[in-house]
Protein chains: 2
Amino acid sequence: MVRQDLSQKKMPLYLVISEELREKIIGGEYAPGEQLPSEYDLGEIFKVSRTTVRKAIANLVNQGLVTSRRGKGVFVRESSKITLALSNPLTSFEADLARQGIVSNASTIELGKIQASPEIRLRLNLSPKESQVYRQRQIISVGESPIALDTAYFPLEVGEVLAEQLQSGFTYATLDRYGFTLKRAEITLECTRANPQLSKYLNVAIGAPLLVYEYAVRTVGEGIVACGETLSSADRMCYSVVLDRD
Amino acid sequence: MVRQDLSQKKMPLYLVISEELREKIIGGEYAPGEQLPSEYDLGEIFKVSRTTVRKAIANLVNQGLVTSRRGKGVFVRESSKITLALSNPLTSFEADLARQGIVSNASTIELGKIQASPEIRLRLNLSPKESQVYRQRQIISVGESPIALDTAYFPLEVGEVLAEQLQSGFTYATLDRYGFTLKRAEITLECTRANPQLSKYLNVAIGAPLLVYEYAVRTVGEGIVACGETLSSADRMCYSVVLDRD
DNA sequence: TAGTGGTCTAGACCACACG
DNA sequence: GTGTGGTCTAGACCACTAC
């Protein structure tokens, strides 16, 4: 029968079950990669309906502890995060991963001129005359699995200079090479959740947490030459930064 | 009857419903703070069982779009994030919020000596002789609602100097004032999910995404004088950093 | 007391994986 | 075919909110 945690008399059944499973996972009783008992078996073990078992498992999925695979079973996740350093000078996603010995692959899924949204106009500090910008979207993958979706925006004048370079992937170094001397990068990091579209791109569950790396880079002369954001699965990414006292 | 998105013939019902509601929320048809129709009514509207309606709503909750309140209803969330700047020189959580005109309140929930875990020993770079550290935990609140749980660790020699100061809250400025000249801060930002204990401290759902701000600060002479981590609800926090080219 | 969301059941059918 | 998870139903009871 199901045991009730004495400190919390009125915990719902599914929570009791998900907590018990959670402890076994954290404690290593169920090892990473290992399969949990089937929903039916868990129902037998805990003497509850399958619906309740499923609710408990949904909870574990939500906490990122397990993944379920239709037709196969529920498995303990093996997590390994990739760390991206916000270094100075700025490097690209790929360059930084390469520095860590991780081979990544960026595939451009879109590159072209679009009408600038008010928000992008603001972020690129466009003059009222400029209505279009270049937008580049790419999927960054490590091995077979996609880990990030990057969207970058460039003013037309910048985009035209870089157009063919962008096909093979944007790097901060490219900007530098083409005479845009980078002076400053403004970055914000926050968290959002996957909507159905993003969940397909990044191969995560709907509602799964995503890290949002939002950036704008400036040169001495030109002002802002690029902005954009990189969305990545929060379970697979981690950002680091070192601040040195001036 | 329920409409099927033509581009995706086999979307499950609950997804169709949650997507339709999502669009209405994003589009402002349901305004922030507004109540959605009751589960019963939504079942009537979409001609599905209450279970399916509930699954759709669970989806929206997962995406951070709505919150449900027992006995009252389901409401569209009004989100407003607090931005914390990783500035140079380092400031404390409270100081930075104050700079933005936000009044915060830190209450120390624990302060004392503990046995250092291997991980903390490593992070503080303790010598084999040092087995204890000071640990300080505090809840940072804005208004009535808790937004972050901070845990800081200090080597004994540092903690003893600061002990009474720590009661009223740790700040980087305090360290400076007591002769620990800060030289460098190493920071990582990542995302985790609330377990039942954290969900109580931070008043979020179990499994809700949390931002983890992990830090270690060094002085010129002493090496690492503090490390710790700040956990905050990912829906309410956002970190920013500016990198200037040397 | 009426209305709301929260939990739980038993059972049905479907889609996918594997031998 | 058998076993697995995924979707969905109809209905029950509980806990909380508001009047």
Side-chain angles (χ1 to χ4, degrees), chain A residues 1-2 4-5 8-21 30 33-62 65-77 196 199-200 203-208, chain B residues 1-2 4-5 8-21 30 33-62 65-77 196 199 204-208:
Chain A
M1 208 41 172
V2 177
Q4 271 283 356
D5 188 327
Q8 284 287 332
K9 211 60 177 182
K10 288 182 231 161
M11 263 214 268
L13 270 181
Y14 74 87
L15 247 189
V16 175
I17 294 168
S18 103
E19 275 303 278
E20 188 154 332
L21 292 174
Y30 290 122
E34 191 176 339
Q35 181 173 7
L36 262 53
S38 73
E39 295 179 349
Y40 178 81
D41 288 345
L42 286 172
E44 292 284 301
I45 292 168
F46 290 105
K47 304 289 179 214
V48 297
S49 73
R50 191 176 155 221
T51 311
T52 301
V53 168
R54 280 184 61 73
K55 182 115 200 237
I57 290 174
N59 215 326
L60 297 175
V61 171
N62 247 357
L65 291 169
V66 302
T67 55
S68 60
R69 291 196 264 272
R70 161 143 49 179
K72 301 183 82 172
V74 176
F75 300 83
V76 179
R77 284 185 52 159
S199 83
K200 267 177 209 160
N203 192 29
V204 296
I206 292 174
Chain B
M1 209 40 174
V2 179
Q4 271 282 356
D5 188 327
Q8 286 287 331
K9 211 58 176 184
K10 287 181 232 162
M11 262 213 269
L13 271 180
Y14 75 87
L15 247 189
V16 175
I17 294 167
S18 103
E19 274 304 277
E20 188 153 332
L21 292 174
Y30 290 122
E34 191 176 340
Q35 181 173 8
L36 262 50
S38 74
E39 294 179 349
Y40 178 82
D41 289 345
L42 286 172
E44 292 284 301
I45 293 169
F46 291 105
K47 303 290 180 213
V48 296
S49 75
R50 192 180 154 218
T51 311
T52 302
V53 167
R54 280 184 62 73
K55 181 116 200 235
I57 289 174
N59 216 325
L60 297 175
V61 171
N62 247 358
L65 290 168
V66 302
T67 55
S68 60
R69 292 197 264 271
R70 170 159 21 196
K72 303 182 82 172
V74 176
F75 300 83
V76 179
R77 283 186 53 158
S199 83
V204 296
I206 291 174

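So that the names make sense, note that chain A is the first sequence line, chain B the second, and so on, each numbered from 1. All figures in this text were calculated on a predicted structure; none of them were measured in a lab.
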*Backbone N or O of B:Val74 within a donor-acceptor pair of the B:Glu39 side chain at under 3.5 Å?*
no
*Check step by step if side chain to side chain contact (heavy atoms under 4.5 Å, CB included) holds for B:Ser18 and B:Leu15.*
CA-CA 5 Å; B:Ser18 103; B:Leu15 247 189; 4.0 Å; yes
*B:Pro12 side chain: which of C:dC8, D:dT4, D:dC8 is closest?*
D:dC8
*Nearest-Å distance for atom pair NZ/C1', residues A:Lys47 and C:dT9*: 15 Å
*Determine: side-chain N/O of A:Lys72 to OP1/OP2 of D:dG3, distance under 4.0 Å, yes or no.*
no
*How is A:Thr51 classified with respect to the nucleic acid when contacts are heavy atoms under 4.0 Å: base, sugar-phosphate, or nothing?*
base
_Just the rounded figure in Å: distance from P of C:dG5 to CD of B:Gln35._
7 Å
*Using whole Å, report how far CD of A:Glu39 lies from P of C:dC13.*
19 Å
*Which nucleotide in the list D:dG6, C:dG5, D:dT4 gets nearest to the side chain of B:Val74?*
C:dG5
_What contact category does B:Arg69 fall into here, base, sugar-phosphate, or nothing, at under 4.0 angstrom with non-hydrogen atoms?_
sugar-phosphate
*Is there a donor N/O on one and an acceptor N/O on the other, under 3.5 Å, for the side chain of A:Arg50 and the base of D:dG6?*
yes
_Check: A:Leu65 and A:Val76 side chains under 4.5 Å, non-hydrogen atoms_ = no
*Could you give the CZ-to-C1' distance, from B:Arg54 to C:dT4, as a whole number of Å?*
11 Å
*Return the value, rounded to whole Å, for the distance between atom OH of B:Tyr40 and atom P of D:dG11.*
11 Å
*From B:Tyr30 OH over to B:Leu60 CG, what is the distance, rounded to the nearest 0.5 angstrom?*
10.5 Å
_Earlier contact from the 5' end, DNA chain D, for B:Gly71 and A:Gly71_ = A:Gly71
*A:Leu13, nearest nucleotide to its side chain (from C:dG5, C:dC8, C:dT7)*: C:dC8
*Send over the distance from A:Lys55 NZ to C:dG6 C1', rounded to a whole Å.*
7 Å
_Nucleotide nearest A:Ser49 when distance is taken to its side chain, options D:dT9, C:dT7, C:dT9_ = C:dT9
*Separation between OG of B:Ser38 and CZ of B:Arg50, rounded to the nearest 0.5 Å*: 9.0 Å
*Under 4.0 Å: is that the gap between some side-chain N or O of B:Ser68 and OP1 or OP2 of C:dG6?*
yes
*Measure from the side chain of A:Tyr14, starting at C-beta and using heavy atoms only, and say which of C:dT4, D:dT7, C:dT7 lies closest.*
C:dT7
*Roughly how far, to the nearest 0.5 Å, is CZ of B:Arg54 from OG1 of B:Thr51?*
8.5 Å
*Integer-rounded Å distance: C:dC8 C1' and A:Met11 CE*: 17 Å
_C:dG3 base / B:Arg70 side chain donor-acceptor hit below 3.5 Å_ = no
*For B:Thr52 and D:dT9, is the shortest distance between a side-chain N/O and OP1 or OP2 below 4.0 Å?*
yes
*Would you kindly give the CG-to-C1' distance between B:Leu15 and C:dA15, to the nearest whole Å?*
16 Å
